[in-house]
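Written out below as structure tokens is the structure these notes cover.
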2 protein chains.
Amino acid sequence: MAARRPLPTRRRPSDEVDWKHVGLRRTPQREVVLDLVRSCDTHPTAEWIYRHARQALSDISLATIYRTLRILKEKGLIWEFSGGANPSRFDGTSHVHEHLRCISCGLVADIDLEDVRDLRREVSERTGWTLGRWPVVFHGLCQPCATRRAAVRQAAEERGPGEPGASSGPEDDRDLCGGFW
Amino acid sequence: MAARRPLPTRRRPSDEVDWKHVGLRRTPQREVVLDLVRSCDTHPTAEWIYRHARQALSDISLATIYRTLRILKEKGLIWEFSGGANPSRFDGTSHVHEHLRCISCGLVADIDLEDVRDLRREVSERTGWTLGRWPVVFHGLCQPCATRRAAVRQAAEERGPGEPGASSGPEDDRDLCGGFW
DNA sequence: CTGATTGCAAAAGATTTGCAACCCC
DNA sequence: GGGGTTGCAAATCTTTTGCAATCAG
């Protein structure tokens, strides 16, 4: 274990965790990963977390990132959004909220919805499933993707028939918009 | 191209597709894949589709299955549920309906929910996203997984503290319950 | 101390892609 | 006939795993 940049002195999300009760040993790696996921609202990928974690723990490995994310998820401390062939994104579950996921660029956004509580109960009663506090995910297009897609579709229609559901991946979005579908 | 078992003479889902308008050439491979996804309600994986497609088209390749699924998805003819490190599952979108996905075994179930229509509009207005007819996915535990998990948790608590969110993969579920989380 | 955790490198999957042969329109 | 499609095999990419060294309690 090499360079370990002094971590911020202000209170960190990982301080709030009762590690012993959760059944996990408290390590710098786990603290950094949890803090990264909990403190940013960008729903980062494992790769992004890896890059940023290295700024604090220079020799943390990608394997540890994945291992830690999986464990934190299993303990219910964070939530994962699977992304098909593309990387998963993670969310620090601090309070109950729902999600929007863009089917074009994979962006995940949070939203608070009071009304969903009743809906969960209804669904649970009708199906026998346990819906607890797990998120409800709406799928659709974020504004940039909707705009881009509309442009593409119009161009296609001017060229001739076909392409009713033309898709277009994200062109820019260098950092966190990996592209899901 | 070899053995091509006589396909069922009854009307098939793929007959309803206006291939030319969609902008795709009509091929036996595409018909079989679309028919399989549209005619079963089990939300199959690519692998499952491959195994079954071979019964009609003995030398169809897995690459074609994936390519076709991707294309059909891009054209809006089917819907994909990403599964992290685990295989995606597909759904033939015939009418608007919502989904339940088990966070333990990955099972996907359909459910009709009138009330969701208003909710979509509300979310759309509040966020500016385009939610169209894309599905809303509830996450939770299917009955078998909920039962199994409760048992595991109880056993853990009898042994001592910790394990508040213990996870357990599917043990049986040979055919279609791949395991997501 | 002692078992849990980590890094490293290699493995495992799922999905994609290059390319020549082939088939639908 | 010609360009869209397919099969095959190899490549890619994300995530997991085996194992010896190291660390937390």
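What's counted below: heavy atoms across the whole structure, side chains too, no hydrogens, waters or symmetry copies. The sequence lines fix the lettering, A, B, ..., with proteins before strands; numbering per chain opens at 1.
Checked by atom type and distance alone, the side chain of B:S124 never pairs as donor or acceptor with a backbone atom of B:R120 at under 3.5 Å. Judged purely by atom type and a 3.5 angstrom limit, A:S58 has no side-chain atom pairing as donor or acceptor with the backbone of A:R54.
A straight line from CH2 of B:W48 to C1' of C:dA14 spans 19 Å, rounded to a whole angstrom. The nearest whole Å value for the distance from the OH atom in B:Y50 to the P atom in C:dG13 is 17 Å. For A:L57 and D:dC23, the CG to P distance is 12 Å, given to the nearest whole Å. In this structure, B:L69 places its CG atom 14 Å from P of C:dA14, rounding to the nearest Å. Rounded to whole Å, the distance from CD1 on B:I65 to P on D:dG7 is 8 Å. As rounded to whole Å, 17 Å separates atom P of C:dA12 from atom CD of B:E47. Counting to the nearest Å, the P atom of D:dG4 and the NZ atom of B:K75 are 12 Å from each other. To the nearest angstrom, C1' of D:dT14 lies 11 Å from CD of A:E80.
Within the structure, every side-chain polar atom (N or O) of A:R26 is placed at least 4.0 Å from both OP1 and OP2 of D:dG25. The phosphate of D:dT6 has neither OP1 nor OP2 within less than 4.0 Å of any side-chain N or O from B:T64. OP1 and OP2 of C:dT5 both lie 4.0 Å or more from every side-chain N or O belonging to A:T27. Look at B:Q29 and you'll find a side-chain N or O under 4.0 angstrom from OP1 or OP2 of D:dG7.
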Report all interatomic pairs (protein N or O, nucleotide N or O of nucleotides 1-3 of chain C) with separations under 3.5 Å.
residue	atom	partner	partner atom	Å
C:dG3	N2	A:R25	NH1	2.5

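For A:R67 and C:dG7, a side-chain-to-base donor-acceptor distance below 3.5 Å is present, hydrogens and geometry of angles not being considered.
By the side-chain contact (heavy atoms from CB on, under 4.5 Å) test, A:I49 is found to be paired with A:V33, A:L36, A:V37, A:P44, A:I65, A:L69, A:F90, residues two or more places apart in sequence or in another chain being considered. Taking A:R25 as the reference, nothing meets the salt bridge (Lys or Arg N to Asp or Glu O under 4.0 Å) condition, with sequence neighbours excluded. Considering only residues two or more places apart in sequence or on other chains, B:Y66 meets the side-chain hydrogen bond (donor to acceptor under 3.5 Å, both in side chains) condition with none of them. Listed by chain and number, the residues in a side-chain contact (heavy atoms from CB on, under 4.5 Å) with A:R121 are A:D118, A:E125 (sequence neighbours excluded).
Separation of atoms SG (B:C142) and CH2 (A:W129) is listed at 5.0 Å; rounding is to 0.5 Å.
Along DNA chain C, the nucleotide closest to A:I71 and the one closest to B:L24 are compared, and the more 5′ of them pairs with A:I71.
Ionic pairing of A:R26 and A:E31 is present here: one or more N-O contacts between side-chain nitrogen and carboxylate oxygen are shorter than 4.0 angstrom.
Rounded to 10 degrees, the angle separating the terminal axes of the helix from C:dC1-D:dG25 to C:dC25-D:dG1 is 50°, with each axis obtained from five end pairs.
For the pair B:D110 and B:D91, the minimum side-chain heavy-atom distance is below 4.5 Å.
Minimum atom distance to the side chain of A:I60 is reached by C:dG7, of the listed C:dG7, C:dT15, C:dT6. The side chain of B:T68 lies closest to D:dT6 when the candidates are D:dA24, C:dT17, D:dT6.
Below 30°, between 30° and 60°, or above 60°: for B:W48 and B:H52 the angle between ring planes is below 30°, a parallel geometry.
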